[in-house]
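Only one structure is covered here, and it is reproduced in the block below.
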Amino acid sequence: MEKLLLQPSLEKLNIWWDLVERKGRHVGLEEEGRKANPDRLLYTLSKIRPKVLLLCGEEAWNLFKVGPLKKLINDVGIINFSPGRDVWVLHAPCLAEAAEMHRLLPQVEASFDRAVSVCNPHVPKVKKWVRPIEELLEKTAKILTAYDLETTSLDPRKGRILTASFTWREEKKLLTYWVENPKQSDLKRWWVKGPRIVHNAKFELSWTKPIKITDYHDTFLRAGLVDENESHRLEDQLLRYCRGYPYWSSLPDYGDFSDVPLHVVGTYNGFDTAYTYLLYEYQEGVLDDREKSLLGDVINPLSFVLWKMEEAGVKINGGKLKKLCQEMDEEIKTGNDFLRKKFGDINWSSPKQVRKLLYEEMKLPVLEMTKGGEPSTSKETIERLSKRRKSLLPIIRIREITSIRNGILSALEEKTDGNGYIHTTFNQGFVATGRLSSSNPNLQNIRREGAEKSCFTSRFPGGRLVAADYEQFELRICAAHSKDRMFRKLILEGQDPHTHTTKELELSSRQDGKQLNLSLASGISARGLAYEHGFSESKARKWRGEWFRLHPQIAMFHTKLGQDVRRKGYVTNLFGRKRHLPISKERNQNSQRRASNQAKNFPIQGGGADIINAAVVRLYRLLRKEGLKALIVLQIHDEIVVDSPKEEVKKVAELMKEAMTNPMPGFEFFVPMAIDLRVGTSIAK
DNA sequence: AGCTACAGGACTC
DNA sequence: CCTGGAGTCCTGTAGCT
């Protein structure tokens, strides 16, 4: 149910309050005692994008009639806040009528899944701390304090701290103070003394640099558990959950924070922490116990470890990389020359130009279409076409190598720092399933067999990279979650589950057995199976049926997931992490099907994410406890890479095995986890 | 002309 | 009915101001 109420005055607010309060989502458009600013309204609305806007009272109505929306609305009309998204505006001249409309709305909009209401915001009081900063730090040392910095740059090496802000509760009152030019060393000492609340801890950590994992709560990461589908940005969270008013949009358009008067920065900074504190309290109310322990055990401490991993970086063999690039440039040049003679001057990266050549000039048959309904020029299509035109094959190669050269190798070259290290960013909280992603550069999509793997090397003279990946990770998680007895038995006996499936279903190769196991565990349809692996549909259907008869627990597991999605609107993984998949009846079958697949995939992908992330945290603690020099440098979904001095390799391998097979001491997996270790001077296989 | 948004295609687990 | 899920990044193109 999605409604937006614009409250023209305070006394009327009370009447609406309990209707609004129950939904738990508030948006502020007015500052206390002042009239709402139309620009601010428009800004807020464009963020929330409500489907229905219910205006009541002449004051509210006039605001819109004179504002920039004037030309778009009539008495009942449509406003577009974004292309393709209609907003119905219902206008009631008086409160009684609005109340009646409000009462009827549920029946009309049964399909709207978000409730948004507009009412007076909570405006925190922000003050400058005028006494010595030591007193403030001492006062807040041991109490729960929201903390935030404003700086001149995102990078601590390039900028400096302008202000710091602190919010805490004293009795019932929320106190917020900001200070100017705090010393980094003071903050570093202060940080470790008590519980902290921050929004996006990795940023504050990189400036404050505490020496060990401490007690902090990250409202950004918590937001990812409350609703993984919503934007976790502080601004968006405040609009949605905290009756925040958009103070950030009132900041004039300065180029850089260093040009902004310090008291403006400080006040802004103060609003950030005050609202962060309120957001924290809201989250405390909606997160359940399992989510809180996942946060405490894994998610919060992980951000510290990720910061350390980013800071450490991974060492690159620059000479080798350069040689590789030269070789590839050479191949691109000869390849391009060859193709130019044959087909003319064509940009092979342009699907449009390739499409023109293949289907208009060469008049080849259209075998596959893209999602957008255009004839496909993908690798698979060209491979199929090249069966009759051998001369097309070099196109695949040239496209592949130019994309690798431009997409991967040049990124590696560019992002290597002066000392030969690449510092990727591990994004936590962005992926709906709980996985990490990597960017600048993305080190999680380095080619499996790519030559560039040999460029990743150890920072220690004579050192080694130790890489450990989980064996049959997803299959084991599926079996562990569904309590599948067959897979448990096979794994405990040390048999290969893929070979077993191959034999049972009388398949031709282990490869087929493996594909069947992996695809069916994450809920593929018979048709999808046939399409994906080139089996006939009847065979796919037969095997799928037999497979589920061998694994009745997995069949039940899938049924249960489907029920959860329909009844509760979300599914849960082994550790209490949720994936919200709102399905309403009006949506087409396509979306339903998709949601059902997502539901089946989530416990596996999301379970894997929490397992390996817990392992990273545990491994970090074990390495530090043992006083080793070795550093965790990469996490690639089912793999952890540690850079180790040669003499520590044996110990590191032991610790990796311990951390990865038992990532959460006290949590017993129905099917045990196992790892495969590789030790080398690079990460090449 | 410069910006943004998107689609398509490459790579990953 | 559609053709397991989750990402990043590059390029070209279309549409906007």
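Basis for what follows: all heavy atoms, side chains included, without hydrogens, waters or symmetry-related copies. Just so you know, these numbers come straight off a predicted model, no measurement behind them.
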Next item on the list: May I ask you to list the residues of residues 601-611 of chain A, by number, that have any heavy atom positioned under 4.0 Å from an atom of DNA chain C?
Entry: A:Asn601, A:Gln605
Next item on the list: Indicate yes or no: does A:Glu413 engage A:Lys322 in a salt bridge with an N to O separation below 4.0 Å.
Entry: no
Next item on the list: Using a cut-off of strictly less than 4.0 Å, decide whether A:Gln598 has a side-chain nitrogen or oxygen near OP1 or OP2 of C:dA6.
Entry: yes
Check: Will you find, in the side chains of A:His580 and A:Asn229, an N or O donor that is under 3.5 Å from an N or O acceptor?
Finding: no
Margin query: Below 4.0 angstrom, which residues in residues 540-558 of chain A have at least one non-hydrogen atom near DNA chain C?
Written below: none
Note to self: I'd like to know if A:Arg435 reaches the base of B:dC13 with its side chain, counting only an N/O donor and acceptor under 3.5 Å.
What the structure shows: yes
Next item on the list: Round to a whole Å and report the spacing from CD1 of A:Ile396 to P of B:dG8.
Entry: 19 Å
Notebook entry, point to check: Does A:Arg594 have a side-chain nitrogen or oxygen under 4.0 Å from the phosphate oxygens OP1 or OP2 of C:dA6?
Noted result: yes
Next item on the list: With heavy atoms under 4.0 Å as the rule, sort A:Ser522 into base, sugar-phosphate or nothing.
Entry: base
Notebook entry, point to check: What is the distance, rounded to the nearest whole Å, between atom CD1 of A:Ile401 and atom P of B:dC11?
Noted result: 12 Å
Margin query: Taking the basic N atoms (NZ, or NE/NH1/NH2) and the acidic carboxylate oxygens, is any pair closer than 4.0 Å for A:Lys333 and A:Asp329?
Written below: no
Notebook entry, point to check: Can you check whether A:Leu306 reaches A:Gln635 side chain to side chain, under 4.5 Å on heavy atoms?
Noted result: no
Check: Base, sugar-phosphate, or nothing for A:Ala521, non-hydrogen atoms under 4.0 angstrom?
Finding: nothing
Item checked: Value in whole Å for how far the C1' atom of B:dC13 lies from NZ of A:Lys453 -> 11 Å
Notebook entry, point to check: When rounded to the nearest Å, what value does the distance between P atoms of B:dG8 and C:dT3 take?
Noted result: 14 Å
Note to self: In whole Å, I'd like the distance from the CZ atom of A:Arg577 to the P atom of C:dA6.
What the structure shows: 14 Å
Item checked: A:Lys320 and A:Ser454, any side-chain heavy atoms less than 4.5 Å apart -> yes
Next item on the list: Tell me what A:Leu443 touches on the nucleic acid: a base, only sugar-phosphate, or nothing, going by heavy atoms under 4.0 Å.
Entry: nothing
Item checked: Other residues, nucleotides, ligands: >12 heavy atoms within 6.0 Å of A:Lys453 NZ -> yes
Check: What's the CG-P distance between A:Leu358 and B:dG8, to the nearest Å?
Finding: 16 Å
Checklist line | Whole-Å distance separating the NZ atom of A:Lys514 from the C1' atom of B:dC13 | finding: 12 Å
Notebook entry, point to check: Nearest to the side chain of A:Ser437 - C:dG4, C:dG7, B:dG9?
Noted result: C:dG7
Item checked: A:His558 and A:Phe548 aromatic ring geometry - parallel, tilted or perpendicular at 30°/60° bounds -> perpendicular
Notebook entry, point to check: Looking for any heavy atom pair under 4.0 Å, which part of the strands does A:Arg447 touch: base, sugar-phosphate only, or nothing?
Noted result: sugar-phosphate
Item checked: Proximity to the side chain of A:Arg527 - top-ranked nucleotide from B:dG9, C:dT3, B:dC13 -> C:dT3
Checklist line | Distance in angstrom units between A:Leu581 CG and C:dG5 P, rounded | finding: 11 Å
Next item on the list: Would you indicate which nucleotide in B:dG9, C:dG7, C:dT8 comes nearest to any side-chain atom of A:Thr377?
Entry: B:dG9
Checklist line | A:Phe575, A:Phe557, A:Phe670 screened by ring-ring contact (aromatic ring centres under 6.0 Å, His included) with A:His481, the one that passes | finding: A:Phe557
Margin query: Using a 4.0 Å heavy-atom cut-off, does A:Arg579 contact any base of the nucleic acid, only the sugar-phosphate backbone, or nothing at all?
Written below: sugar-phosphate
Distances for protein N or O near nucleotides 9-11 of chain C N or O, under 3.5 Å:
unit_1: C:dC9; atom_1: OP1; unit_2: A:Asn440; atom_2: N; d: 2.6

Item checked: Neighbour count >12 (heavy atoms, 6.0 Å) for atom CE, A:Met362 -> yes
Notebook entry, point to check: Any idea how A:His232 and A:Phe220 line up, ring-wise: parallel (<30°), tilted (30 to 60°), or perpendicular (>60°)?
Noted result: perpendicular
Next item on the list: Scan for salt bridge (Lys or Arg N to Asp or Glu O under 4.0 Å) pairs involving residues 593-612 of chain A, sequence neighbours excluded, and state none if there are none.
Entry: A:Arg577-A:Asp610
Check: Any salt bridge between A:Glu331 and A:Arg405, counting N to O under 4.0 Å?
Finding: no
Note to self: Test of understanding: with ring pair (Phe, Tyr, Trp, His ring centres under 6.0 Å), list the residues that count as partners of A:Phe473, not counting sequence neighbours.
What the structure shows: A:Tyr470
Next item on the list: Check DNA chain C for consecutive Watson-Crick or G-U pairs with both distances under 3.5 Å and list the runs of at least three as stems.
Entry: B:1-13 with C:5-17
Notebook entry, point to check: Are side-chain heavy atoms of A:Thr424 and A:Ser439 found at a separation under 4.5 Å?
Noted result: no
Notebook entry, point to check: In whole angstrom, what separates A:Ile524's CD1 from C:dG5's P?
Noted result: 9 Å
Notebook entry, point to check: So do the side chains of A:Leu520 and A:Trp543 get within less than 4.5 Å of each other, counting heavy atoms only?
Noted result: no
